There are 2 protein chains.
Amino acid sequence: MSLDIQLPPRERLLQAAVELLANSDGAPVSTRKITELAGVTAPTLYHHFGDKEGLFDAVVAVGFEQYVASEMDLAPTGKPLDDVRSMWDQHVRFGIEQPHLYLVMFGKVRPGNRSNRVSEAEALLREKIDRAAESGHLNVPPADAVRSILAANIGVTLMLISEPETERNFELSDMTRDAVITAVSSDAGIADSATPVETSSVVVAAIALNAALESSNPQQLSNTEMKMFLEWLHRISKDS
Amino acid sequence: MSLDIQLPPRERLLQAAVELLANSDGAPVSTRKITELAGVTAPTLYHHFGDKEGLFDAVVAVGFEQYVASEMDLAPTGKPLDDVRSMWDQHVRFGIEQPHLYLVMFGKVRPGNRSNRVSEAEALLREKIDRAAESGHLNVPPADAVRSILAANIGVTLMLISEPETERNFELSDMTRDAVITAVSSDAGIADSATPVETSSVVVAAIALNAALESSNPQQLSNTEMKMFLEWLHRISKDS
DNA sequence: CTAGCACCTATAGCATTGCTATATGAAGAG
DNA sequence: CTCTTCATATAGCAATGCTATAGGTGCTAG
């Protein structure tokens, strides 16, 4: 089983944990499998890491360093909010590429007991947000901005992870990212109450689309397609 | 231990599970404690619910019905986006008031394996969003709006739950809520350089028409024509 | 009334889990 | 050579989810 070359047992345990965690599709990984794969016995694990969570913490710490390192690679662009955007994207990418690590870090929520990793991620984001605040790009207190962005970021990442790979739609990430960032930024104010169009019939909607199409010609349809499309649109607008 | 009045064992199991879940501060609840409190033995549990998850599913179903019921109490205001806002608030409130139930419902994420509860919540939200789309309040395809809002909603709720009660700041919820809803709504344009206003109105109208067509099928087009028409409509709503 | 039948519950126990009390080995210090 | 210290192994405990099997319990058919 233990195909590892001779390394210090501590390292072999870490390596085994990472490997099993990566191939277990999110199912719980037992200490026995880990020690077996590492070619060690139980007390060795507990001698080095205290308990199972200690081992996972160590594993996560390694993963988190990669995460932080990838954040640091992103040089400041001079536009702090763009840096925040990059950070969001890195966060999502990390979650998608290492879902098991990500779930160990952010997946298990306990009431009234925030995980260390959340605090660490918050601190990382806080740095960038502070820079945005300094240069007057922020609309709300930095702490609020950080919490809102991070909450949405984690929510989106968890949702993407939970979706089958085939139907993952990353527009979800971009859209939500820009939504929360725009909301906390002073660059563009959020307008509130508006004038709803109370009518909801097919005819009215068709007419509206027709009018909109006349003032701007989108490129998604060819000329012949557009011609036919408008013809049908006209027919629909006639009556219902 | 079993202080319950004589009820059918199935009900006593449910009741015991709820009670233990509520008093366990998020720690795992064992089947033995449940059966002990219910005054039953193990096979009874497995006879009625299949396995532990089945029991929790049943518990959650009850909780979810409360959740849905509280949603339904909110009469439509005529402003669909306000209804969406109420729904968000109800979601958060439910999570705060019953964190253990909430965590069973939305807390355990598995890669590529979305939970039923997420799908159900999505369907509930989808209804309201569709109404917003029908009346031209939506900026993006309803499916995208729903996912974005729900992801942020869950993310915010999880974050609030994980925070100590004393320092819970509900502004986080309001802020994020308005951010994502504003982003998907056409009532107040996001100052986003990527989406010029002219095409935006086309997109809005196309989305509204699409939603309207789904709720009433007009007879002016044949089946094949309608199919192609919808295909093009979809392409137009995708934005450019 | 009784025999059969379906449904529900209990006895007892298995395999796996995280973890540990205790012992054994090796390596340096005196 | 002895003694201490660190690291690993032997063996096993208590708790977990779950089940093979058997025992009631009530209903319907004869």
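Everything numeric in this text was worked out from a predicted model, so none of it was measured. Labels below follow one simple rule: chain letters A, B, ... track the order of the sequence lines, proteins then strands, and each chain is numbered from 1.
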Handout entry: Note: B/Asp130-B/Arg126 ion pair, threshold 4.0 Å (strictly below)
Key = yes
Looking at [X], I'd like to know whether one of its side-chain N or O atoms comes within less than 4.0 Å of OP1 or OP2 on [N].
{"X": "A/Thr41", "N": "D/dA9", "result": "yes"}
{"X": "B/His47", "N": "C/dC8", "result": "yes"}
{"X": "A/His48", "N": "D/dT8", "result": "yes"}

Problem - Heavy-atom side-chain contact between A/Ile161 and A/Phe106 under 4.5 Å - result: no
Exercise for the section: For residues A/Met87 and A/Asp83, determine if any side-chain heavy atom of one lies less than 4.5 Å from a side-chain heavy atom of the other. Expected result: no
Rounding to an integer number of Å, can you tell me how far [X] [atom1] sits from [N] [atom2]?
{"X": "A/Glu36", "N": "D/dT10", "atom1": "CD", "atom2": "P", "result": "14 Å"}
{"X": "B/Phe49", "N": "C/dT9", "atom1": "CZ", "atom2": "C1'", "result": "14 Å"}
{"X": "A/Arg12", "N": "D/dA7", "atom1": "CZ", "atom2": "P", "result": "14 Å"}
{"X": "B/Leu55", "N": "D/dT16", "atom1": "CG", "atom2": "P", "result": "15 Å"}

Problem - Sub-6.0 Å ring centroid separation between A/His100 and A/Phe56 - result: no
Handout entry: Sugar-phosphate, base or nothing in reach of A/Pro28, heavy atoms under 4.0 Å
Key = nothing
Exercise for the section: Please determine which of B/Arg147, B/Lys128, B/Arg114, B/Arg117 meets the salt bridge (Lys or Arg N to Asp or Glu O under 4.0 Å) test together with B/Glu122. Expected result: B/Arg114
Practice task
Using modelled atom types only, decide if a donor and an acceptor are shared between the side chain of B/Lys52 and the backbone of B/Val29 within a distance under 3.5 Å.
Solution key: yes
Fill in the blank from the handout: Nucleotide by nucleotide, nucleotides 14-28 of chain C touches protein heavy atoms under 4.0 Å in the pattern (B base, S sugar-phosphate only, - none) ---BBBBB-------
